[in-house]
Amino acid sequence: MSYEIVGVTVLWLFLYGYLIVASIDFGAGFFAYYAKVTKRDHIINKIISRYLSPVWEVTNVFLVFFFVGIVGFFPSTAYYYGSALLVPASFAIILLAIRGSFYAFENYGSKQSNVYMFLYGATGLLIPASLSVALTISEGGFITEENGVVSLKYAELFTSPLAWSIVALAIAAILFISASFLTYYASRANDEGALKLVRRWALFWATPTIIMALTTMIALSQRNQRHFDNMLDLWWIFGLSMGFFLIAMGLLYIGRNYGTAFIAVMLQFFFAFFGYGIAQYPYLLDPYIHIESSVTNESMGLALIIAFIGGLLLLVPSLILLMRLFLFNADYAKGKK
Amino acid sequence: MEFDTVTMSRLITAMTLTFHIIFATLGVGVPLFISLAEFIGIKKQDKHYELLAKRWSRGFIITVAIGVVTGTAIGLQLSLVWPNFMQLAGNVIALPLFMEVFAFFFEAIFLGIYLYTWDRFKGKYTHWLISLPVVIGAGMSAVFITTVNSFMNSPDGFTIANGEFAAVNPLEAMLNPSSPVRIAHVVGGSYLTVAAILATIAAVALLRNKGAKDYHKKALKMTVIAMFVFSVLTAVAGDFSAKYLANNQTEKLAAAEWLFETEENADLILFGWLNEDNEVVGEIRLPGFLSFLAHGNFMSEVTGLEATPEDERPSLWIHYLFDLMVSIGFFLLAISFLYLVISKIKRWNVNNKFMLWLLALSGPLAMLAVEFGWIFAELGRQPWILRGYMTVNEAATSSPYITHMFFLFLALYIVLGTLFVITLRKLFKDNPAELEFEKQYPELEKGDDK
């Protein structure tokens, strides 16, 4: 395999990793706030904070990995995306900052204030909305380049059905992923009250997720025919995604094997996400950034891949240790440790 | 006043870095002291040190949180504000940036484990061992990022063919000529600064005289010893940095030292100012010392600013930044040395008011020195962003929204800074060391605070 394929696959894996861990985190923030408003916070907030406290720093790193990596493998992304996304990405940074500081200020500082709970919930939905702009503009037609000045067509973006359906899809998917994870975590902790509540949320958010996925497909077909046709050619990948979705739904509905159900949800998004990504090949930004012509020089590509493998050898055992100590340690989840 | 996009780009980056570097410095240094305190505590079986490690790590979480969010900000801003630079430099220097994320990830994972497992292991050393990856990860982060900044000062590891970088060697770019000396200076300086800040905390607590005296005295002794060690190391590394500049980046040292013409037996100029004819007045002059600083020989020749084309010279006010940084460095060295000398004399009380006041000042001063040092390093490279290859004018974004973003980020940092102070106060004010000590170790005898 050539460097650019290895590179882009690795990066897409990171983005997928971020999609999962950040969705759990973002959705949990929304649910925590929603539960507080509807006076049910005593049921689930303990579970949420118990899971999130030890792992919150880890979530952000997936995103940083992705954007540092993409600039490394494909330096011209810095030029096009960097120039075009100044405003949306700056908003995302601000929202991430508010959210990141929530953990420090709220969890370690003092009792929970309503303002901060609201911000915590709201940023969980706004961050994906602002980050999804990058996915939208990659479809092409939202950027102009004149005299070496790259700029974003804001009017075009804000009136684009594709942009809004991607935002809606992102939000629905986040709540679905998060709720199905919390269902698993609550069952792990043997917390019947919380389990009942989050399981209902998971079942509820499944429908909007699928509806928005189909809406996005339709909007995409109007915006980028090439990408859409490629996706149709990869129908079997999306079929697999749908299959795992049905398995997850079935398990959630009959109320057993929540762990398997969550893995099925992860696989559902894995196939959908990779199907979408493969269909976008060969562009990283239609039509400006072509994967093959924008890839970095060979020695850098090789160095990055070696660094990546070395890093994984270091990180994977560490992550397993972290998970064994907290996530999958039943005593910890139950609050005994 | 109308600002152009380049000025705004520089301002937004300067602001983010000035804010971030505070938390980055703490992030590099504090883990070392947490680890040391826990180790001494186990070794001496002294609960005071264990409590030190616990309280430091509790404060550390807050600084890490802000370090993470501002670090994410600067990481993204590199591409958002300097898209042309990242497109060019990404080809050569992406490796350490990538590795820094790994180092941070490594640190974050073990920090999470460390914080939540104080009582979960049987062997006492097991928990202490977990602090080591945190110390190493934090230190490596500093190493990798410093190599990137060094690359901007002394680009290496490529050749130019048809206006593009060719024959790229990422390792050579990372280990560029200025990397070793700058890494030593940055890492040493971070440890020194954190030692000074922790000493300040202990000194202030002793000055307020509210209790837990033994606890604070132990903290003070430990941190001041570290202050002495690291101020010596940082000074040595700084000296090597100056020698590096004298040989390879002459305009930076010449501008810092107001050496306009190439001279043998050049004088070291401390402070002073420039009159209308660009003559130095009101300065303290150390004859021949600049030659000594530059080449280790009082008679040697030091290259002046005249050797650099006029439009490639950094601004002259970096002189003050350089002098202030060095002065503070020597102040920290002197004060910690004094403390150590007095503590050896049995008849004298080392924790006297005067000494405590000086130590109370050392933390804020050390952090100022870090800021001065970094601003000096950055301004001293102007007009280049990549010395010899790309200027900041060529590198900046052309987006007119950069001004709006500046104010947006300004608001963010004000909010974060305020919340940081409020949270730290809340965390420690109602829970002073003496109270916590009684709560956590009720089995121990009270009244060890005499």
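Keep in mind that the numbers below use all heavy atoms, side chains included, and drop hydrogens, waters and symmetry copies.
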What closest approach, in Å, do F151(B) and L386(B) show between heavy atoms, and which atom pair accounts for it?
CE2-CD1, 3.5 Å

Look at I98(A), L63(A), I306(A), N297(A) and state which one has the largest set of heavy-atom pairs under 4.5 Å with chain B.
N297(A)

Measure distances from T63(B) to the heavy atoms of chain A and classify the residue's part below 4.5 Å as side chain, backbone, both or neither.
neither

What part of F308(A) gets closer than 4.5 Å to chain B, counting heavy atoms only: side chain, backbone, both or neither?
both

L314(A), L96(A), L152(A): which one forms the most heavy-atom pairs within less than 4.5 Å of chain B?
L314(A)

Honestly, the part of F67(A) sitting under 4.5 Å from a heavy atom of chain B is side chain

Kindly give the heavy-atom pair with the smallest separation between I402(B) and T397(B), and that separation in Å.
CD1-CG2, 4.1 Å

Please rank V149(A), V71(A), V64(A), L304(A) by heavy-atom pairs under 4.5 Å with chain B and give me the top one.
L304(A)

Does any heavy atom of chain B fall under 4.5 Å from the side chain of S90(A), the backbone, both, or neither of them?
both

Neighbour count above 12 (heavy atom, 6.0 Å) for E156(A) CD
yes

Which one of S79(B), G90(B), A173(B) has the most heavy-atom pairs closer than 4.5 Å to chain A?
S79(B)

Quick one: are the ring centres of F23(B) and F420(B) less than 6.0 Å apart?
yes

Step through it carefully: locate the ring centre of F62(A), locate the ring centre of F105(B), and say whether they are under 6.0 Å apart.
yes

State whether a side-chain donor-acceptor pair under 3.5 Å links T7(B) with D4(B).
yes

Using non-hydrogen atoms only, which part of L95(B) is less than 4.5 Å away from chain A: side chain, backbone, both, or neither?
both

Ring centres under 6.0 Å, that's the criterion: do Y288(A) and Y283(A) meet it?
no

Taking every heavy-atom pair that is under 4.5 Å apart, which of T296(A), I94(A), T77(A), L85(A) has the most such pairs with chain B?
I94(A)

Counting heavy-atom pairs under 4.5 Å with chain B, the top scorer among L312(A), V68(A), L86(A) is L86(A)

Is it the side chain or the backbone of L319(A) that comes within 4.5 Å of chain B heavy atoms, both, or neither?
both

Tell me, out of L78(B), L419(B), L97(B), who's got the most heavy-atom pairs with chain A below 4.5 Å.
L419(B)

Of the listed A303(A), G311(A), S151(A), G310(A), the one with the largest count of heavy-atom pairs under 4.5 Å with chain B is G311(A)

Please say whether more than 12 non-hydrogen atoms of neighbouring residues, nucleotides or ligands are located less than 6.0 Å from CZ in F142(A).
yes

Would you say the rings of Y154(A) and Y401(B) are close, in the sense that their centroids are separated by under 6.0 Å?
yes

Gap separating the CZ atom of F406(B) from the OG1 atom of T5(B), nearest 0.5 angstrom
14.5 Å

Looking at W82(B), F409(B), F110(B), which has the largest count of heavy-atom pairs under 4.5 Å with chain A?
F409(B)

